[in-house]
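These numbers come from a predicted model, not from an experiment.
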Amino acid sequence: MKGAAFSRIVGTGSALPERCVSNAQLVAELAQRGIETSDQWIVERTGIRQRYLAGPKLTSSQLGYQAALQALHSAGIAAGEIDLIICATSTPDFVFPSTACLIQAQLGCAGAAAFDVQAVCSGFAYAVATADAYIKTGLASKALVIGAEVFSRILDWNDRGTCVLFGDGAGAVVMTGSDSPGVLAARLHADGRQQHILCTAGNLSGGAVVGHPFLTMDGPAVFKLAVKVLDEVAREVLDLAGKTPADVDWLIPHQANIRILSAAAKKLGIAESKTIVTVDQHANTSAASIPLALDYGWRSGQIKPGQHLLLEGVGGGFTWGAVLLQI
Ligand code: UT7
């Protein structure tokens, strides 16, 4: 198969669990466990007002499937036409098979290549960059790129420093080959030396959990590094594409904390009004946060065809990446 000049996003979708938990509800639930927090602390420090939390049976593949169906519908493409499925997740249904394979089975498109990408909150940027490369080299022609998470499963509900920050959900896009742009530039990075500042350092061995099966984070260290590397990688993709911050119509960062979003926009010199913000509604949904924000921006009519979008992710690993594209 001949590669395409560009890859383009031609459809978006998203899915959230039914249960929406406000800060007030969470504060009351945590108080019953003897954990003290407040709506004021959560809003002031993070901008989060609510999050959606999965019930015990809802999985990443089910959320990813729902988001993928919506993305296919909005693209006007049948599942059978898809030849590549990449799912970014750090909360897969199983050790294996991959979440992407489980989604493929639900979609009924056997034959398409399917694999997961594990780059935590940068996962969606990694997955879009990977699909772009596959499409440009002719390894695939129509891709489903999904970010799906049930982060609530790996939270320590006795750790107020992390459990108030995350939510569950999924977002998806369909990408196809095109003669017109499209993805203009993408860059991915990692620094494994920083693994300890954000991790879930547990595993399964001999039928038991070994290590620590809950997310742990040095919040201030992650915050500082995130603002620095987001700025660097954003400038890198803009330079690669021969663009400047003034060319960006919408900044769509990983939705971890409104203060990180504001700092990233300010450092780049992009008006805050040009940032898609969903962290107040969804909290931090890790790999799902960028596609959830993208789908929200598209469906709400804020994002218009032909506009330049700068997607940027940062997360555990430590990983970071950005994609500049025209929609
Ligand atoms: O998705 C991957 C990327 N992740 C991120 O980008 C997260 C980055 N980090 C952050 O967003 C912020 O560091 C946090 C929101 C996690 C924390 O905000 P902070 O301003 O850095 O606060 P802190 O960790 O320095 O804690 C300040 C205080 C501490 O009390 P003392 O020691 O000053 O008395 C904490 O114990 O806030 C306390 N605290 C809380 N208080 C009420 C921590 N969590 C809570 C809480 N409720 N939930």
Please check if any side-chain donor atom of [X] sits under 3.5 Å from a side-chain acceptor atom of [Y], or the reverse.
X: Q302; Y: W250; answer: no
X: S60; Y: D93; answer: no
X: R51; Y: Q25; answer: no
X: Q118; Y: T89; answer: no
X: Q40; Y: S38; answer: no
X: S262; Y: E272; answer: yes
X: Q50; Y: H282; answer: no

Check whether any side-chain N or O of [X] sits under 3.5 Å from a backbone N or O of [Y] as a donor-acceptor pair, and report yes or no.
X: D83; Y: K142; value: yes
X: Q70; Y: S14; value: yes
X: E312; Y: A322; value: no
X: S122; Y: A125; value: no
X: D168; Y: F151; value: yes

About how many Å separate SG of C109 and CD1 of I103, when rounded to the nearest 0.5 Å?
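If I round to the nearest 0.5 Å, the distance is 10.0 Å.
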Test of understanding: clusters of I, L, V, M, F, W, Y form through side-chain heavy atoms closer than 4.5 Å, transitively. Do [X] and [Y] belong to the same one?
X: Y126; Y: I252; result: no
X: L184; Y: L311; result: no
X: F124; Y: I327; result: yes

Does the distance from a Lys or Arg side-chain N to an Asp or Glu carboxylate O, for [X] and [Y], drop under 4.0 Å?
X: K228; Y: E232; result: yes
X: E29; Y: R19; result: yes
X: K136; Y: D132; result: yes

Do you know which two heavy atoms are closest between [X] and [Y], and how far apart they sit?
X: Y52; Y: P17; answer: CD2-O, 3.2 Å
X: L102; Y: P97; answer: CD2-CG, 3.9 Å
X: R187; Y: V233; answer: O-CG2, 3.8 Å
X: I146; Y: A172; answer: CG1-CB, 3.9 Å
X: G169; Y: A288; answer: O-CB, 3.3 Å
X: Q255; Y: T278; answer: OE1-N, 2.8 Å

Return the orientation label for the F214 and H212 ring planes: parallel under 30°, perpendicular over 60°, tilted otherwise.
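It falls in the perpendicular class, over 60°.
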Using side-chain contact (heavy atoms from CB on, under 4.5 Å) as the criterion, point out the one residue from [options] that pairs with [X].
X: T46; options: I260, I258, V279, N257; result: N257
X: L198; options: T319, L215, T216, L225; result: L215
X: H254; options: L261, L230, N284; result: N284

Could you give me the CA-CA distance, side-chain angles and deciding distance for L69 and H73, then say whether side chain to side chain contact (heavy atoms under 4.5 Å, CB included) is met?
CA-CA 6 Å; L69 272 186; H73 185 256; over 6 Å; no
D191 and W320: side chain to side chain contact (heavy atoms under 4.5 Å, CB included), yes or no, with the steps?
CA-CA 9 Å; D191 182 355; W320 62 101; 3.9 Å; yes
